[in-house]
Amino acid sequence: YANNSDTWIMTAVNLTGAVNPVLTWWDRYSFQTNADWGVVEYSTDGSSWGRFYSVSGTRGTWAQQQIDLTDWRGAANFRIRFRVLTDNDGITADGWSLDDLTVAEAGVLPTFTLPFNEDFESGTSKWFVSRWSTSADAPRGGTTCLLSSPGMNTYPDTWAPISLNGQINLQGSTNPQLLFWARGHMWWCSYFRVYVSTDGGQVWADTGGGWNHDWNPDQTWQRVQVDLTPYKTAANLRLWINVSTCWGGADEDIYLDDIRVEELPAAVTLDTPVPHLKTVDLSWSASGLGADFWKYEVYRDTSAAVGLGS
């Protein structure tokens, strides 16, 4: 590719009548890392463009990329643009190779029942994945976790999404919870969010399970729990996990492991406190979670209404 260049190829598809459309392609690339880029952009009108994929650096092996397009089903002229942008420092490389591009129906999505578990030990077959890849770098459990941006930053104003290739049936649950473990870092202008949908992926709700920039527990796994009780009657809950950047682009590496959707376990029972002059003895029944148990937490307050949100 040339220095100081901006080149692209573009196609368009009619998503009218589509139910679960998915963009699929294979690629490999060699760019000057975080200076020259390949990005995939989309538009419904040909003038306003968004980005949902970016790569830089080098990957010499072919890898499949998939992006769920249900957000844009019904668009009669959905444009997709593969674009290469380079700087002017005199360094070039082989560029971006693309093959086997399709936009097709995903078909009938599988339905998962509770408990839903994903530890990525068997790869990413349950997900529509682009750019994210499995990693053996200090997973929380087993031998594999998932990494958002292997060997590169993220281009400005760009998404890096993965979405569940299926739906989770929450009917019959009482207090369903989403749990996952994460570590890594997100510097200025990067964001991590987890969304859910109950209408087949047309409208997505932010669960609150995420962070903004300046989050950096690089080597320490953090447990995240999201209450899905508002969706407990849904037979078709879908998950969408996304890293995004604003105008400056960002250095971000998010590791994910042990994603679970399951019923909230039975609460432990607090025994009658035994007061002393300056202390109080507390005891409670043991958790029945076995190997899944993480920790007990004790909160205190002057109000009888104390809770996790106090």
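The analysis underlying the following values was restricted to heavy atoms, covering all of them including side chains, and did not include hydrogens, waters or symmetry mates.
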Establish, yes or no, whether the cationic atom of R140 lies under 6.0 Å from the six-membered ring centre of W181 and within 45° of the ring axis.
yes

Side-chain heavy-atom pair L289, W294 within 4.5 angstrom cut-off
no

Do Y296 and V298 have side chains that get closer than 4.5 Å, going by heavy atoms?
no

Does a side-chain heavy-atom distance below 4.5 Å link L69 with F128?
no

For W132 and F120, I'd like to know if the aromatic rings sit close, meaning centre-to-centre distance below 6.0 Å.
no

Please list all pairs passing the side-chain hydrogen bond (donor to acceptor under 3.5 Å, both in side chains) test where one or both residues lie in residues 263-273, with sequence neighbours left out.
D271-S283

Quick check against the 3.5 Å criterion: does T245 have a side-chain atom that pairs as donor or acceptor with the backbone of G249?
no

Measuring centre to centre across the rings, with the benzene-like ring taken for any Trp, is W49 within less than 6.0 Å of W8?
no

Go through the structure and list residues passing ring-ring contact (aromatic ring centres under 6.0 Å, His included) with W72, not counting sequence neighbours.
Y42, F52, F78

I'd like to know if the side chain of W204 reaches the main chain of G201, judged simply by a donor and an acceptor atom lying under 3.5 Å from each other, with no hydrogens or angles considered.
yes

Counting N and O atoms only, with roles assigned by atom type, does the side chain of N242 sit under 3.5 Å from a partner on the main chain of A160, one being a donor and the other an acceptor?
yes

Please work out whether the ring planes of W96 and F31 are parallel, tilted or perpendicular, with thresholds of 30° and 60°.
perpendicular

Is the shortest heavy-atom distance from the side chain of F82 to the side chain of L98 under 4.5 Å?
yes

I'd like to check the side chain to side chain donor-acceptor pair (under 3.5 Å) partners of R28; sequence neighbours left out, ordered by chain and number.
none

Residues passing the side chain to side chain donor-acceptor pair (under 3.5 Å) test with T33, sequence neighbours excluded, are none

Under the side chain to side chain donor-acceptor pair (under 3.5 Å) test, residues paired with N216 that sit two or more places apart:
none

Note, V194 side chain near F180 side chain (heavy atom, < 4.5 Å)
yes

Hey, does T7 have a side-chain heavy atom less than 4.5 Å from the side chain of Y1?
no

Between D257 and R183, does any side-chain N to carboxylate O distance fall below 4.0 Å?
no

Side-chain touch T92/T86, heavy atoms, less than 4.5 angstrom:
no

Set of ring-ring contact (aromatic ring centres under 6.0 Å, His included) partners for H213, sequence neighbours left out:
W188, Y191

